[in-house]
Structures are given as structure tokens and as C-alpha cells.
Amino acid sequence: TTASWDFMGFKENKTKRVPNLESDIIVGVIDSGIWPESASFDDNGFGPPPKKWKGECDGGQNFTCNNKIIGARYYTRNGGIIGTPQSARDHIGHGTHTSSTAAGNSVKDASFYGLGLGTARGGVPAARIAAYKVCDPGGCFSDRLLSAFDDAIADGVDVITISAGADLAARFEQDPIAIGAFHAMAKGILTVNSAGNNGPSTSTVSSVAPWILSVSASNTNRAFFTKVVLGNEKIVGRSVNSYDLKGGKYDLVYGKSASSRCDEGSARICSSGCLDKKLVKGKIVLCDTPLGSHEAEWAGAVGTIVKNDRSDVSNVFSSPVAALSEDQYETVVSYVTSTEDPKVSILKSDTSMNETAPVVASFSSRGPNTIIPDILKPDVTAPGIEILAAYSLDASPSGDAAHDNRRAEYVVLSGTSMSCPHVAGAAAYLKTFHPDWSPSMIKSSIMTTAWPMNATEDAESVFAFGSGHLKPTAAADPGLVYESTKADHIALLCALNFTTTSLRLISGDNSTCTKEQADTLPRNLNYPSMAAAVSSQTEFNLTFVRTVTNVGMANSTYKANVVEGAGSSKIDVKVEPDALSMKSMYEKKSFTVTVSGKALKPLEPMSATLVWSDGTHTVRSPIVIYAKG
Amino acid sequence: SHQDEDKQVYIVYMGAVPSNAGYMPSSQHINILREVTGESSIENRLVRSYRRSFNGFAATLSDSERERVANMEGVVSVFPSRKLQLQ
């Protein structure tokens, strides 16, 4: 966060804030707990909890709340790892990281051993945090997670952030996050959820319910690099290497040449038990996979150079490690095999300007949505690569407790877990300007004001980033919003074959599932993006029906423009009417978007963007049409 | 026992908390569990009760008990409590 908020133009001291309202905002964090002694959660300057707070501090052993962390509960009593203290204290670090990204204090001079130095802060530094611990080193079980939702909603939080999920999407009635988030939505609470880390394959997004704001991960303009010095040549690798070898040059040995016990295939990846201590001690070892660094460290190596198939992410290791792309790695292999006395140095990491940001992370899960193909997921993108934020002093920075004895107050992590709390922080920020806005209004504001992100030459990349990249300041003044109520979502469930009996139980009211509702197409949910899965065999001509609510200026006229996207020459998009004249605040106007085109091939989605503009506000909605299968 | 090995934690989702004043979610959860298990003491079966913001519970059930709960009035869905990942 020492770079991510600035990257989005959300500058400290240059961003308009409403401090008295921000102090009343409560962010509920469902995660691995929190480290209450972190400077990010110091309560200096905070008054007592807001009057609306109905929760409690039930943090267990050795856990005290304060006026920043106003609530804590833990659900790891039953079935938790034996020996893990019973409390809301974070023993993993993850929950502390996400909490500080969403709502941590501004903390100057935060860094990871000098790396990433800057002011760490949350989206709403003056807001309060309620921590709900559902994850311990043994995992995050669904039954605990539902308890956390049950409590967080009743406790009176304003926004829920949950950076956890399953590997695959599940039907809504069997998806604990969808269930919890539905009841949160019904009580006016937006749930922000990480999209998942199973990219870049398509159909991997696990957070798919339309009442959730699902977040993919991108990089920022700051990247961590680690230089490797070979003779007189320098190679730039990735990793967050806090170890300073003082420029010392060490003998370089390839794993495959440092084993007398294993076959070549196992030795070159430095499999466990393969390396001979006498051959690697005091040297730097070359291993074909990142996991090999553990074996090298165990065998007494000074450091490891590894081949990494994720060239867009730098990870923290428990020893000096440089992760190289395949090309770079082969250069080092060539050097070690062709040089009589190969020497190498791994330097401490540094940061550099990443000119290409924002780009979606390779690991970030992609659509299409496997449960409702006509709802585009993920919804929006936010920084999730190399985020420096607060951490637990009970956890090792590399997450490798067996090898890493370091402890750090601020640590660099990557994942959609890290992007999710950025959006939650932004949602909380919006609530300070619009305390009465519904979850769908907040969600729409974030989506329609997002920075455009372009599809790459890979056509399927339109499934990666949703509406684009989070832009918090713009989201506070969206102009128009697409609203959807609890009743709209119940009608959607009706269209998804839920019975009246089930819908009445879920809604707690007299909802019915009429034939008209059952025949309604999911793509006509008043969603801020538009997607449709069509047959690959035939031409298509389909419509999206939408209604916008004026939240900009009372008297304004919005004109529609359609911007071409990937393959959009094959689709024809018409908007009717193409101008919307608003006369008052909260006035609603409906329109239809008709999209037609020739038969699409599978794996070749077509995209465009509908842009409504009144000259002051720009309200963007992606349109994605793709062939089933 | 072998029977115990076959049991696992299931979530019984029952939707919103009914608004009628006399409704006691915890009592209903216990009654449902007693009915499907045939056991009067269900302390070791009931893992969690959800009653503040929505209605449901988590319990250790066998597969046949799961089926019986799923067919009971007032139950929306029954599904296993799975392990999710931090991301």
C-alpha cells in the first residue's frame, strides 16, 4: 500500500475525505485474524466505537481490542490446529495484511527490511475494523465462515471484505460466501470477495454471485527486482530479497551436478534430500523450480537461483533467492556449464518503475462465470501484486515457518487476497460520501468509473479484468448507477429454477416465483456490466434491458457512445434511446442495448464498451458476448 | 466406529430468520437434529447455530441423515463444510 493507492490517484493529503463520517465506518474483515499491536491498528486519536456498533470484543486469550479494532471474534475453537492459541490473534499474517490494506492507519516509513519504503495505509485510515477469524493454519472451513457472516451482519459492519474462496464456483445455495453475502446485501452491507488465484485459465473465477463485488488482481507501477551478477553481466530477476550478501561473489553450482543420490530430473529441481551438503555448502545453487530453494538452504547453500514460470510476481523467500524467467535462467545455466570457475552474486532487491501497469496478474482467476454465464465475473480489478502491508509478528514473511525465523511488521504479498481489500477500502470510502447508498449503488459506482483496461492479443483476456481498474476518487461521483434490490436478486434466483418455497425461506418474505419472473433472462438483471453466452452455431441478436438512476447533477443529459473492443467489428451494438435526459436527482431512465452478429467461435469473445456521458461523468459498462463451450 | 467415520460436518441452510416473535432458531435446530438422528443428546452433533442474520446450523451427519434433513420443511440446502483457501 506504500505505492498502490498513489498509483490509483488516491493520494494521501490530496484526496477529499469526510473524517467524521469515515470514523463511523466499520469494515468487517473475515480472514485469519489480526495483529492488534501493529502500528496500522493503533487507536491514538480515535474516539469510542460508533453508536451503531452492536458487536463485541471476544478475541480470546491475550487479545485486547481498542478504538481502532473495535470488534474481534474467532471461530477456530472447534477443529483448529492443536497448539494454536485460541484467539482472534493472527498467526498467519494474511488477515493483518488485508485489514491494514482496507482500513489500516497511515504509517510512515513502513518497509520490508527497507524494501518498498513509504507510507502504508488503508483505503479508509480513520475507519474502524472488526476482525472475524475463520482461518488458521489448518484452513478456512465453510461452517466457520458462515458464523462470521452471521455475526458481522448483526454486529453492524458497513462493508465486509473476505479474501478467501474455493477453487471452483459453486451453486449459490451451496456457496457459503454467496449465502452470507446475500443476507449482508439484504441488510445493506456490500461484500467484497477475491476472485481467486487460479488464472490464467478461463472459467476459474470462484466468486460468481451477482450480489458480491468480485475482484481480480493487477500490478502497479512499482515492481520488485533482484539482480544476479554473473562475471561482468547483470541479469534482472524477480523476488523480494531482503538478504544483503554485500555484493559477495560465490561459487555457482547447478543442482543436477550437486547430487550423488538422485537422478538428474530430481537433482536439477533440487528435490528434497537430493543435494549433497559438501557440494553446495557456501555456494549459490541453481534449481529448476522455486521449491528447490528449501533444499538448497537446508544443504547449506548461501542462496538459490530458480526458474520461475510466473514472471509477473516477486515472492518473498526464506533465503537469498532470485527467480528468473526461462530465458534468463537458461543464460545462467549456459554460464555455469561453460565457465571453469563460475561465480555469482545475488543482490538485495530494489524497486523500479513498471511502465506497463496496470496489467492483470497471470494468477488472477478468469471468467466466464460457470454458474450464471450471462453475468460477467470478476467485476473489477485492483492492485494485488507485491503489496506491502502490515503483518503478524507470529508469522514468517515467506509463510515458511520451518525455514524462516524472520519477523517483520510489514511484508510484501501478492494475490487476489491483496486486491480485494483495496476495493473494500474504496467501498468504505464511498460510504463516507453516500452513507445511504445501497450495496448495488456502491458496487455500480466502483465498476462504472473503473479505468479502462484493454484486452490483449489473447482474446480471452476480456474475462480477466471485469469493468476495469479501481479508481476510488472517480467512484465517489459516478453520475449514474445501476441499482438492483434484494427483490431483483430473488427474481434472478427464480429464473435460475429456485422454487417459491425456497425463495420465501431465503428472502424471509412472501416472494413468489411467477412464470414471468422464471422466464426473465439473467442477463436482464440490472447489472453494471453486460455479458451473454450465445450458441456458437448461429447468428445472434439479443438485448440487454437496463435502468440507470441519476446521482450526478439534477439537470443533465447523458449521451451514449459505444467503444469498440476485442473483435467488436463482428458485433453491431445499438442503444435505444441513445440519450437520457434527467430532470431530478434519483430519477430513473431505462434503455435497451441490442447486440447482433454472426456466429462466434468458441474462445473468441467479442467485446465493446457502452459509455454514457454528460460531459462531466463517464459511466462505462463492458459488453462481452461469447460462444458457449 | 465405522459409522462415525462416515459422518462429516454439513451446513444446513434455512434462509432468513423468520420474523415471527416466538420463533427460536436454536430450538428448531436442536429439534431437527434430534429428529433426524433419533438421539436425544445432540451436543456432539451440533457444530454451530446461525441465528442472528440468517437461519441454519452446522452439524455432524451421516449421508442418510443428510438426505433426511434435506427433505425437511424449512430447509433450503444441505452441503458439506469444505475447506476454503486464503487467496
Side-chain angles (χ1 to χ4, degrees), chain A residues 31-32 75 78-79 92 94-95 98 134-135 138-147 149-155 163-167 170-177 179-180 182-184 186-187 194-197 206 217 365 415-418 420 498 501-509, chain B residues 4-5 7-26 28-30 32-33 42-61 63 65-67 69-87:
Chain A
D31 209 299
S32 63
Y75 306 92
N78 302 325
I92 299 175
H94 189 278
T98 56
V134 298
C135 306
C140 324
F141 288 89
S142 314
D143 60 291
R144 300 176 187 170
L145 195 147
L146 276 168
S147 281
F149 268 107
D150 193 31
D151 283 331
I153 296 165
D155 286 348
S163 288
D167 280 336
R171 288 160 45 185
F172 298 142
E173 74 275 22
Q174 301 193 353
D175 177 346
I177 298 177
I179 290 170
F182 181 89
H183 293 282
K187 292 276 167 57
S194 45
N197 294 343
S206 56
S365 291
T416 52
S417 275
M418 283 65 244
C420 174
F498 280 69
T501 304
S502 289
L503 293 181
R504 286 185 174 176
L505 286 170
I506 293 168
S507 66
D509 57 29
Chain B
D4 285 340
E5 286 169 15
K7 292 190 180 87
Q8 62 171 310
V9 176
Y10 285 95
I11 291 160
V12 180
Y13 172 51
M14 302 169 68
V17 181
S19 53
N20 45 319
Y23 183 80
M24 307 278 284
S26 297
Q28 196 196 10
H29 302 161
I30 289 167
I32 290 173
L33 261 182
I42 48 81
E43 285 80 19
N44 292 332
R45 297 293 205 107
L46 184 64
V47 177
R48 299 177 194 283
S49 259
Y50 312 117
R51 54 182 180 268
R52 297 182 72 197
S53 305
F54 50 87
N55 193 10
F57 61 94
T60 308
L61 301 171
D63 195 48
E65 289 163 350
R66 178 197 63 80
E67 274 184 38
V69 176
N71 291 322
M72 290 179 81
E73 191 179 335
V75 172
V76 177
S77 58
V78 183
F79 56 99
S81 177
R82 292 214 168 86
K83 189 156 79 172
L84 307 185
Q85 286 83 41
L86 293 168
Q87 293 172 329

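Each chain gets a letter, A, B and so on, in the order the sequences are listed, and its residues count up from 1.
A:Ile153 contributes atom CD1, which lies 5.5 Å from atom CZ of B:Phe54 (distance to the nearest 0.5 angstrom).
Between A:Ile506 and B:Tyr13 the shortest side-chain heavy-atom distance falls below 4.5 Å. When side chains are defined from C-beta on, B:Leu84 does not count as touching A:Val134, because their heavy atoms never get closer than 4.5 Å. A 4.5 Å side-chain heavy-atom check between A:Phe141 and B:Val47 finds every atom pair outside the cut-off.
In this structure, B:Ser53 contributes its side chain and A:Ala154 its backbone to a donor-acceptor pair below 3.5 Å.
Contacts of A:Asp151 classified as side chain to side chain donor-acceptor pair (under 3.5 Å), with partners at least two apart in sequence or in another chain: A:Tyr75, B:Arg52.
Contacts between B:Val78 and chain A at a heavy-atom distance below 4.5 Å involve the backbone alone (N, CA, C, O). For B:Ala58, the part lying under 4.5 angstrom from a heavy atom of chain A is the side chain only. For a residue to count as touching a neighbouring chain, one of its non-hydrogen atoms must lie under 4.5 Å from one of that chain's; by this rule A:Leu145 touches chain B with the side chain only. Interface remark: A:Ser206 contributes side-chain atoms only to the contact with chain B (heavy atom separation under 4.5 Å).
Per-residue counts of heavy-atom pairs under 4.5 Å with chain B were compared for A:Asp155, A:Thr501, A:Ile177; the largest is that of A:Asp155. Contact tally against chain B (heavy-atom pairs below 4.5 Å) for A:Gly508, A:Gly180, A:Ser163, A:Cys420: the top residue is A:Ser163. Most heavy-atom pairs under 4.5 Å with chain B, from the set A:Leu146, A:Asp167, A:Asn197, A:Ile179: that is A:Leu146. Of the listed residues A:Gly165, A:Cys135, A:Ser194, the one with more heavy-atom pairs under 4.5 angstrom with chain B than any other is A:Gly165. Among A:Met418, A:Arg504, A:Lys187, A:His183, the residue with the largest count of heavy-atom pairs under 4.5 Å with chain B is A:His183. Contact count versus chain B (heavy atoms, under 4.5 Å) is highest, among A:Ala195, A:Ala217, A:Ser147, A:Ala166, for A:Ser147.
Closest of all the heavy-atom pairs between B:Tyr50 and A:Asp150 is CA-OD2, 3.3 Å. Taking all atoms of both residues into account, the shortest heavy-atom contact from B:Gln87 to A:His94 is N-NE2, 3.8 Å. Looking at every heavy atom in both residues, B:Leu86 comes nearest to A:Ser417 through C-OG, 3.9 Å. Across all non-hydrogen atoms, the minimal contact from A:Ser142 to B:Pro80 is OG-O, 4.4 Å.
For residues 69-86 of chain B, the pairs satisfying side chain to side chain donor-acceptor pair (under 3.5 Å) are A:Asp143-B:Ser81, with sequence neighbours left out.
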